[in-house]
Trainee: 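This is the structure I have questions about; it appears just below.
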Amino acid sequence: MSGLLAAAAAAGWVDAVVGGGGLVLIPALMVAFPHLPPAVALGTNKLTAITGTTVAAVTYARRTRLDRSVALPAAGLAVPAAGFGALSASSLPADWFRPAIMALLIAVAVFVTARPNFGALQDPDAVSRRRRLFVVAFAGCGIGFYDGIFGPGTGTFLIMVFTSLLSLEFLQSSALAKVVNVGTNLGALTVFAVQGQVLWLLGAAMAVCNVAGARIGAKTALRRGSGFVRTVLLAVVACMVVKLGIDQFG
């Protein structure tokens, strides 16, 4: 049990900085309970993750500039989109997603590495209203659906969309991503809960540690700035590619 609590805290820290905490917590659940159905592991992870993500979102909102005109409608769209994705999860095998997501993550890593100033400079005033509406729809509906049906890399993809299309710093993009991620977690959790695929007591215990990790992660990111977020993002992307590769090819 202590190992799961430590994993929950670590997942909260990672989620608060760049997303990807599920890569820590879901494998830990599967190791601790070898016969746990994957859907129950996903549902319990959502219960734990939504608490830490909410705390991180509030922490960012208090201490950095948060564009609520993007964050709130995108999060609102993400709730039903992620719920629909969770309903569809059992009908599409994960093997269909892994190669495409691995390719996207590798492209993200190459792109960020090749452009040292990406995520460090900002010019949000140059973004048109049409592009902002597209970002809201894509982040809320597209990435929200993806988080419900599969999930790995959701926070990373949100950060990349906000940084590249809204010309934001990594730190501000991470703040926006947390708010939208609350919506995706809520939508998916609702479906998993209705289906009886959540271990509530275990999830609640892990949530306490997840919240602690999320608070530390958000404060660390705010203190260290966009360069730190960039470094952690690249590290998490590398870990995700390795994990998905192992799952896909054994």
Trainee: What residue pairs, at least two apart or across chains, pass side-chain hydrogen bond (donor to acceptor under 3.5 Å, both in side chains) with a residue in residues 3-27?
Mentor: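 Counting only pairs at least two positions apart or across chains, no side-chain hydrogen bond (donor to acceptor under 3.5 Å, both in side chains) contact touches residues 3-27.
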Trainee: Just by distance, no angles: are the side chains of T184 and N181 close enough, under 3.5 Å, to form a donor-acceptor pair?
Mentor: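 The criterion, which ignores hydrogens and geometry beyond distance, is satisfied for N181 and T184.
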Trainee: Which atoms form the tightest heavy-atom contact between S164 and R131, and what is the distance?
Mentor: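 Smallest interatomic distance, heavy atoms only, reads O-NH1, 4.4 Å.
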Trainee: Restricting to non-hydrogen atoms, name the atom on G21 and the atom on A11 that form the minimum distance, rounded to 0.1 Å.
Mentor: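 Residues G21 and A11, closest heavy atoms: O-CB, 3.3 Å.
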Trainee: For the residue pair L202 and F33, establish whether any side-chain heavy-atom pair is separated by less than 4.5 Å.
Mentor: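 Contact flag for L202/F33 side chains = yes.
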Trainee: What is the minimum heavy-atom distance between A16 and K178, and which atoms define it?
Mentor: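 That would be O-CE, 3.2 Å.
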Trainee: Can V79 be reached from L189 by stepping across I, L, V, M, F, W or Y side chains whose heavy atoms are under 4.5 Å apart?
Mentor: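 Yes.
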Trainee: What is the minimum heavy-atom distance between F162 and A177, and which atoms define it?
Mentor: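 Here F162 and A177 meet closest at CE1-N, 3.7 Å.
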Trainee: For the residue pair Q172 and L166, establish whether any side-chain heavy-atom pair is separated by less than 4.5 Å.
Mentor: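 Q172 vs L166: side chains apart.
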Trainee: If you measure from CG on L165 to CE on M160, what distance do you get to the nearest 0.5 Å?
Mentor: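 Here the interatomic distance stands at 9.5 Å.
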Trainee: Pair L5, V208 - check side-chain contact (heavy atoms from CB on, under 4.5 Å), show working.
Mentor: CA-CA 9 Å; L5 296 179; V208 175; over 6 Å; no
Trainee: Measuring from T44:OG1 to L25:CG, what's the distance to the nearest 0.5 Å?
Mentor: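 The CG atom of L25 is 9.0 Å from OG1 of T44, to the nearest 0.5 Å.
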Trainee: Would a distance-only check, ignoring hydrogens and angles, find a side-chain to backbone donor-acceptor pair under 3.5 Å from N210 to G52?
Mentor: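 Checked: pair present.
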Trainee: Identify whether I106 and V236 are in the same connected component of the hydrophobic contact network (ILVMFWY, side-chain heavy atoms under 4.5 Å).
Mentor: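 Same hydrophobic cluster.
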Trainee: With heavy-atom distances below 4.5 Å as the criterion, would you say the side chains of L176 and L66 are in contact?
Mentor: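 Yes; the side chains approach each other to less than 4.5 Å.
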Trainee: With a 4.5 Å heavy-atom cut-off, do V180 and I143 have their side chains touching?
Mentor: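 No, their side chains stay 4.5 Å or more apart.
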Trainee: Can you name the one residue among L47, T48, L201, V211 that meets side-chain contact (heavy atoms from CB on, under 4.5 Å) with M206?
Mentor: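 One option only clears the test, and that one is T48.
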Trainee: What are the two closest non-hydrogen atoms of A218 and T59, and how far apart are they?
Mentor: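 It is CB-CG2, 3.8 Å.
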Trainee: Applying a strict under-4.5 Å side-chain criterion to I, L, V, M, F, W and Y, I'd like to know whether M30 and L42 cluster together.
Mentor: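 Looking at the clustering, L42 is in the same group as M30.
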Trainee: Distance from K46 atom NZ to I50 atom CD1, nearest 0.5 Å?
Mentor: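 These two atoms lie 9.0 Å from each other.
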Trainee: For the hydrophobic clusters of this structure (ILVMFWY residues joined by side-chain heavy atoms under 4.5 Å, transitively), does one cluster hold both V24 and I26?
Mentor: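 No, because V24 and I26 fall into different hydrophobic clusters, even though each may have its own neighbours under 4.5 Å.
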Trainee: Let me confirm one number: the CD1-OG1 distance from I159 to T154, rounded to the nearest 0.5 Å.
Mentor: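 Nearest 0.5 Å value for the CD1-OG1 distance: 11.0 Å.
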Trainee: Heavy-atom distance under 4.5 Å between the side chains of R65 and L168, does that happen here?
Mentor: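 No, side chains not in contact.
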Trainee: Can you check whether L171 reaches Y60 side chain to side chain, under 4.5 Å on heavy atoms?
Mentor: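 Answer yes - side chains close enough.
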Trainee: How long is the straight-line distance from CG of L77 back to CZ of F138, given to the nearest 0.5 Å?
Mentor: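 Interatomic distance, F138 CZ to L77 CG, rounded to 0.5 Å: 13.0 Å.
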Trainee: Please answer: with hydrophobic residues joined when any side-chain heavy atoms are less than 4.5 Å apart, are L199 and V31 in the same cluster?
Mentor: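 No, separate clusters.
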Trainee: Atom OG1 in T220, atom CZ in F228: separation rounded to 0.5 Å?
Mentor: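 With rounding to 0.5 Å, OG1 (T220) is 6.0 Å from CZ (F228).
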Trainee: Do side-chain atoms of S174 reach the backbone of F170 as a donor and acceptor pair under 3.5 angstrom?
Mentor: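 No, S174 side chain to F170 backbone: no donor-acceptor pair under 3.5 Å.
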Trainee: What class does the angle between the rings of F157 and Y146 fall in, given that below 30° is parallel, 30 to 60° is tilted and above 60° is perpendicular?
Mentor: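 Ring orientation of F157 relative to Y146: perpendicular.
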Trainee: Considering all heavy atoms of both residues, which atom of L158 and which atom of A139 are nearest to each other, and what is their separation?
Mentor: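 Residues L158 and A139, closest heavy atoms: CD2-CB, 3.8 Å.
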